[in-house]
Amino acid sequence: MKLRYNYRIYPTKQQQQLLAQTFGCTRVVWNDALAVIKGLGDGEKWPSNSNLQKRVITHAKRTVEREWLKEVSNIPLQQSVADLGTAFKNFFDSRKGKRKGKPVGFPRFKKRSYNQSARFRKGGFSIANGKVYLAKIGRLKVKWSRPLPSEPV
C-alpha cells in the first residue's frame, strides 16, 4: 500500500518575496560554484566543499556585486554547494560504474524556471502548532493532508 502526503503552504506576500529571493540566491550560489570548478585548468586540484563555500558564499557576501546574499539564510546556500558536491560524486561514480541505473551527466548550470527549490537542514526549520518555521522567512501557514509519520531530520 502506498501513502501520499500532500502539503500546501500559504505564504504571505512578504514571505513569497523572501522565498523567491532564497530560490534565486541558491541558484546563483550553485552556478557560481559550478563556474569555479569549470574554470579550473587541467591538473588543478578541485576545491573541497568547505573551500568552495568560503569562496562562493562567505567571500562573495563581502563584494558589492553579491552583498544581497546576506539577506537570506546561510543554510540553503551551504546546502546548495553540498548538493553540487553530491551531483559531482554521482557523476563520477556513474562514469566508473559504481552507480547503478541510467548514466548521470555532468552537472549543469541552473536557470530560472518553474521548478525552484531550496533545502533547509534541521537548524534552518522547525515545525510547531501546524506551522513551518523557515530561517529568515518566518512561520508559514500549512495545510496538512495528514500528520507527519515522524519528526523530520
If you define the side chain from C-beta out and look only at heavy atoms, does anything of [X] sit under 4.5 Å from [Y]?
X	Y	value
Ile9	Leu19	yes
Ile127	Pro152	yes
Phe23	Val28	no
Asn90	Pro107	no

May I ask you to list the residues sharing a hydrophobic cluster with Val64, side-chain cutoff 4.5 Å, ordered by chain and number?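 Members alongside Val64: none; it stands by itself.
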Sequence neighbours excluded - ring-ring contact (aromatic ring centres under 6.0 Å, His included) pairs with any residue from residues 123-142: none
Qualifying ring-ring contact (aromatic ring centres under 6.0 Å, His included) pairs, either residue in residues 39-85, two or more places apart: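 For residues 39-85: Trp46-Phe88, Trp46-Phe92.
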Arg121, CZ: over 12 other non-hydrogen atoms inside 6.0 angstrom: yes
Going by the rule side chain to side chain contact (heavy atoms under 4.5 Å, CB included), which residues pair with [X] if we only count those two or more places apart in sequence or in a different chain?
X	value
Ile57	Val29, Gln53, Lys61, Asn74, Leu77, Gln78, Val81
Thr58	Arg62
Ser150	none
Gln14	Thr12, Leu18

Could you tell me which residues satisfy salt bridge (charged side-chain N to carboxylate O under 4.0 Å, His left out) with Glu65, sequence neighbours excluded, listed by chain and number? none
Side-chain donor/acceptor pairs under 3.5 Å, residues 137-147, sequence neighbours excluded:
unit_1, atom_1, unit_2, atom_2, d
Trp144, NE1, Gly130, O, 3.0
Ser145, OG, Asn6, N, 3.0
Ser145, OG, Asn6, O, 3.0
Arg146, NE, Arg4, O, 3.4

[X] with [Y], same ILVMFWY side-chain cluster at under 4.5 Å:
X	Y	result
Tyr10	Leu148	no
Val36	Phe91	yes
Val56	Leu34	yes
Val132	Val72	no

side-chain hydrogen bond (donor to acceptor under 3.5 Å, both in side chains): which pairs involve [range], sequence neighbours left out?
range	answer
residues 24-35	Asp32-Arg66
residues 96-120	Asp83-Arg119
residues 16-25	Gln21-Glu71

What distance do Leu52 atom CG and Arg55 atom CZ have between them, rounded to the nearest 0.5 Å?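 It comes to 8.0 Å.
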